[in-house]
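Shown next, in C-alpha cells, is the structure this report addresses.
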Amino acid sequence: MMEAYLSGIGWVTGGGFGWGSQGGDCSFPELPLPALSRKDVFPEPNQRFGRMSDYAKLGLAALAFALRDAGLEGWSVKRSIGVVASTRLGCLATDLEYHRTVQLQGGGLASPNLFAYTLANCFLGDAAIQFGLTGSSVALNETGEDGLGSLRVALEEIALGEAETMLAGVCDLPVPEACAGLVALKPGAAFLVLSQAPLAGCSEYGKVALADGGSVLFNGSPCGDLEGLIKSALAGRRAG
Amino acid sequence: MIEVCISQAQAVTGLGPDLESLWQGVLAGRSAIRPLTRFATGRYLSGNASWIEGLEPVGGRSRINPLLAQLAEGFGPLPDGCSLITASTKGSVDAMERLQAGLECDPTEIPIAGLLHRIATRFGIDNPGININAACASSTIAVARGASLIAAGKADAVLVVCLDLVSEFVFSGFSALQALSPGVCRPFDRHRDGLTLGEGAAALLLMSRERAAREGRPELGIVAGWGAANDATHITAPARDACGLIQSVRQALVRAGIEPGQIAAVSAHGTATPYNDQMELTAFRALFGECNLPVHSVKGSIGHTLGAAGGIEIALGLRCLEAGIMPPTVGLQEPEEAGVGLVSASPQPIRGSYLLSTNSGFGGVNAALILRRGAL
C-alpha cells in the first residue's frame with residue numbers, strides 16, 4: 001500500500017471555482033466553465049495570465065487554488081514539488097486555434113504565442129514559474145475515465161522516493177465541436193496536494209492510498225473517481 | 001533496489017529503419033536532413049527536415065501508423081505481463097491537420113488515447129498504459145518512470161515506446177518562434193542558428209536484470225540513474241544558469257551512486273539553438289569542471305525528434321557504450337568556446353562505463369538518465 005497525506009484541494013469546474021478551506025463543493029456538472037480573469041486567481045498583477053490559452057488558465061488556476069488551500073501559494077525559495085496532470089484531450093482546443101493561423105497565407109501568419117501553448121504540459125511550466133516548483137512536471141494521457149491516473153502516478157512517485165510533495169489532478173476543456181463525440185470527459189480541472197509527511201502549519205484532509213490492485217482509497221475507503229474522492233475529503237473536513 | 005537493464009532496443013529515424021542503420025549512419029557522419037516535400041515550406045524559415053521514407057497517409061490515416069509498423073517489425077517477443085509507457089508530444093497530429101483541411105481522415109486518431117490503444121495492440125500488450133508528455137524530455141522521463149517502477153519491484157518488464165512526426169503544425173510553430181535553422185542545424189557550433197526538425201521512434205524493453213537473465217535475454221545496458229527537474233524560469237527558453245539540468249543530473253548521479261568523474265561520455269540534447277546549447281555547456285562545465293569528456297548531439301544527423309528524442313538517444317547511447325565510441329557531432333564546424341574539448345566533429349573514445357543522456361524542453365522541463373555498459 002502506497003499512501004500520502006492530502007493537504008490541499010483546488011478546482012475550476014462548470015459549478016464554479018474554489019478551494020477546500022473556502023468551503024463549497026466540487027462537482028463536475030455539464031455546464032460552461034467560468035471565464036477566469038486574473039483577479040479570480042491572483043491577487044497581484046500577472047502579466048502572463050491574460051496571454052495564456054484557456055487550457056493553461058484552467059489548469060494553472062486549479063493548481064493555484066490547491067496550493068493556496070495547502071498554504072503553499074507564497075514562496076521565497078524554489079521548492080522541489082512535482083506536478084502530474086492527467087488529461088484526455090490536452091490542449092486540443094489550442095491546437096485547433098493555432099492550426100487555423102497556420103492555414104492562413106501558407107503558414108506565414110502562424111502565431112508563435114499560441115504555438116507555445118500547444119503542448120499538454122504547457123501550464124505546468126507556468127505553474128513552475130509562478131510558484132517556484134522545481135520538481136518533475138508531466139502531463140499524462142490515459143485511456144481511463146476515472147480521473148485517478150495522475151494520483152496513482154503521484155502516489156507511486158512519493159512511495160518510490162522520487163518526490164516528497166506532489167500536485168496531482170486533471171485538466172480538460174470541453175470537447176471541441178470539431179471533435180464532438182470522440183471521448184467522454186468531464187470538463188474542468190482539479191488538483192490535490194499530496195505529501196509524504198504532514199505539511200507544517202496545514203491540517204490534512206486525510207490519507208490517500210494506492211492499493212496493490214490499483215484502487216485509490218481515501219481514508220481507507222475505495223474511490224470510484226476523482227470527483228468522489230474530493231467530495232469525500234471535503235465532507236470529512238466539514239464533519240470534523 | 002532492483003537493478004534495471006535494457007534488453008532490447010530499436011529505433012526508426014531518417015537514417016534508416018533500425019538502430020543499426022542509425023548507428024552506422026552517425027558513425028559515418030551522415031545526415032538525413034534534406035528538403036521536405038510533405039508540405040509547402042515557402043513561408044517558413046527552413047525547407048529542411050529529417051524525414052522517413054514510406055510514411056504515407058494510406059486511406060487518410062495518420063503517418064504514425066506506418067512509423068509504428070516499422071518500429072514494431074521484428075521487435076519482441078515481449079515478456080509476459082509487460083507494462084507499456086509511451087512518450088509522444090503530438091501523436092497523430094497529422095490527423096488533426098487533415099480534419100481541419102477537410103481531407104479524408106479518421107478523427108478517432110486525434111486523441112492520444114487512440115494511439116495508446118494502437119501501440120498496445122501492435123505490441124500485443126493488454127493494458128494501453130499511459131502516455132507521458134513532458135515536451136522534448138518526454139521519453140527520457142518515460143524511461144525513468146519505467147526504471148523506477150522496476151527498481152522498486154512494482155514491475156519487472158516495461159516497454160517504452162516513443163514517437164513523433166514531422167508535421168506542418170510543429171514546423172510552422174518553430175518557424176514562427178524563429179527557432180529553425182535556415183539550413184542544417186549545427187549543434188554546439190559557435191555559429192549555430194537554430195534547430196532542424198526530425199521524426200522518429202524508439203522502443204526500449206526495460207527489465208529487472210534478474211528476470212532478463214532468467215529468460216536468457218540480452219543485457220544491452222543498465223539504467224543506473226535518473227532525475228528530472230524544472231527550471232521554473234521561462235516557458236520556451238532554458239534557464240541560463242542551467243539550474244534545472246544540473247539538478248536533474250545530480251539526482252541521477254545520486255541514484256546511480258557514482259561521482260561526476262565516473263561519467264565517461266554525454267549524449268546531450270544539443271538542439272543547436274543558441275540558448276539550449278549554451279545552457280547545456282554551462283551545466284556540463286558546472287558538473288564536470290575542466291574534465292574534457294566526449295559530448296555528442298545526434299540532432300545534426302536525424303534532426304530534433306521532439307518527444308522521441310530521448311528514447312532514440314538512449315538506444316544510440318547503448319550502442320556507443322558497447323562500441324566504446326562517441327560518434328561525430330554532424331554539423332559541428334567550430335565549437336562554442338565552452339564546448340572546446342567536449343564536442344567534436346570526429347569520433348571520440350569512451351574511457352569508462354557510464355554514459356549520461358540529457359534532454360530539456362518547453363515548460364522548463366529537464367531530464368537526465370545514466371546508462372552503464374551491459375554484459376550483453
Side-chain angles (χ1 to χ4, degrees), chain A residues 48 78 80 82-83 86-90 92 95-96 98-103 105-126 128-143 149 153 156-157 159-162 178-179 181-183, chain B residues 40-44 89-91 93 96-97 99-101 107-108 110-117 128-135 138 141 145 148-149 151-152 154 168-178 227-236 243-244 247 361-365 367:
Chain A
R48 290 196 55 80
K78 291 179 181 178
S80 181
V83 192
S86 285
T87 178
R88 304 294 305 284
L89 289 179
L92 179 59
D95 291 358
L96 295 167
Y98 167 73
H99 192 256
R100 284 190 279 274
T101 73
V102 177
Q103 290 177 304
Q105 296 188 22
L109 297 179
S111 164
N113 188 53
L114 275 175
F115 181 68
Y117 283 96
T118 59
L119 284 169
N121 68 318
C122 58
F123 71 93
L124 305 183
D126 281 306
I129 295 167
Q130 182 72 32
F131 301 111
L133 311 178
T134 63
S136 175
S137 52
V138 300
L140 297 183
N141 306 107
E142 54 177 334
T143 55
V153 170
E156 286 171 349
E157 295 280 301
L160 301 179
E162 304 287 352
C179 302
L182 282 184
V183 295
Chain B
T41 58
R43 297 297 299 271
Y44 303 132
T89 60
K90 298 310 294 180
V93 63
M96 185 275 291
E97 291 178 321
L99 178 75
Q100 291 271 86
T108 64
I110 294 174
I112 288 274
L115 179 60
L116 278 168
H117 281 296
I130 57 171
N131 179 69
I132 289 190
N133 192 330
S138 297
I141 290 177
R145 174 159 173 77
S148 179
L149 289 170
K154 300 298 175 190
E168 185 170 12
F169 181 95
V170 174
F171 201 90
S172 60
F174 279 103
S175 181
L177 288 172
Q178 307 292 310
N230 198 296
D231 293 337
T233 300
H234 195 276
I235 287 295
T236 56
C243 56
Q247 185 179 332
F362 279 12
V365 181

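The chains referred to below are lettered A, B, ... by the order of the sequence lines, with proteins before strands, and numbering in each begins at 1.
Not counting sequence neighbours, B:E97 has no partner by the side-chain hydrogen bond (donor to acceptor under 3.5 Å, both in side chains) test. Under the rule for a salt bridge (charged side-chain N to carboxylate O under 4.0 Å, His left out), the partners of B:R145 that lie at least two apart in sequence or sit in another chain are A:E156, A:E157.
Both the backbone and the side chain of B:L149 come within contact range of chain A, with heavy atoms under 4.5 Å apart. When heavy atoms are compared at a cutoff of 4.5 Å, A:L92 approaches chain B solely by way of its side chain, counted from C-beta outward. Heavy atoms closer than 4.5 Å to chain A are found in the side chain of B:L116, but not in its backbone. If you measure heavy-atom distances from A:Q130 to chain B, you find no contacts under 4.5 Å at all. For a residue to count as touching a neighbouring chain, one of its non-hydrogen atoms must lie under 4.5 Å from one of that chain's; by this rule A:V183 touches chain B with the side chain only. Residue A:C122 touches chain B through its backbone alone, counting heavy-atom pairs closer than 4.5 Å. Heavy atoms of B:P128 lying under 4.5 Å from chain A belong exclusively to its side chain. Proximity to chain B is absent for every atom of A:L114, based on heavy atoms less than 4.5 angstrom apart. Within the 4.5 angstrom heavy-atom criterion, atoms from both the backbone and the side chain of B:F174 approach chain A. Within the 4.5 angstrom heavy-atom criterion, no atom of A:V83 approaches chain B. Using a 4.5 Å cut-off between heavy atoms, A:R100 contacts chain B through both its backbone and its side chain.
A:C179 is listed as a side-chain neighbour of B:L99, based on a closest heavy-atom distance under 4.5 Å.
Considering only heavy-atom pairs separated by less than 4.5 Å from chain A, the leading option among B:S172, B:A113, B:G363 is B:S172. Most heavy-atom pairs under 4.5 Å with chain B: of the set A:D95, A:L124, A:L89, this distinction falls to A:D95. Between chain A and the residues B:S175, B:A152, B:A40, B:A135, the most heavy-atom pairs under 4.5 angstrom are made by B:A135. Between chain B and the options A:S137, A:A116, A:G149, the largest number of non-hydrogen pairs under 4.5 Å is found for A:S137. Among the candidates A:Q105, A:E142, A:K78, A:E162, the residue making the largest number of heavy-atom pairs closer than 4.5 Å to chain B is A:E162. Taking B:G364, B:G42, B:P107, B:C243 one by one and counting their heavy-atom pairs under 4.5 Å with chain A, the maximum is reached by B:P107. For the set B:P111, B:G173, B:A134, the entry with the most heavy-atom pairs within less than 4.5 Å of chain A is B:G173.
Looking at every heavy atom in both residues, B:I141 comes nearest to A:S136 through CD1-OG, 4.3 Å. When every heavy atom of B:A176 is checked against every heavy atom of A:S111, the shortest pair comes out as CB-C, 4.5 Å. What you find for A:F115 and B:L177 is that their closest heavy atoms are CD2-CD1, 3.6 Å. Between B:E168 and A:G106, the shortest heavy-atom distance links the atoms OE2-O, 4.3 Å. When all heavy atoms of B:R43 and A:G107 are compared, the pair lying nearest together is CB-C, 4.5 Å. Between A:L133 and B:A232, the closest heavy-atom pair is O-CB, 3.9 Å.
Of the possible donor and acceptor atoms, none in the side chain of B:Q100 sits under 3.5 Å from a partner among the backbone N and O of A:Q103. At least one donor-acceptor pair under 3.5 Å links the side chain of B:K90 to the backbone N or O of A:T118.
Once rounded to the nearest 0.5 Å, the distance linking CD1 of B:I130 with CG of A:N141 reads 9.5 Å. Taking CG of A:L140 as the reference point, atom CG of B:N133 lies at 9.5 Å (rounded to 0.5 Å). Once rounded to the nearest 0.5 Å, the distance linking OG1 of B:T89 with CG of A:N121 reads 9.0 Å.
Taking the six-membered ring for Trp and thresholds of 30 and 60 degrees, B:F169 and A:Y98 have ring planes more than 60 degrees apart, a perpendicular arrangement.
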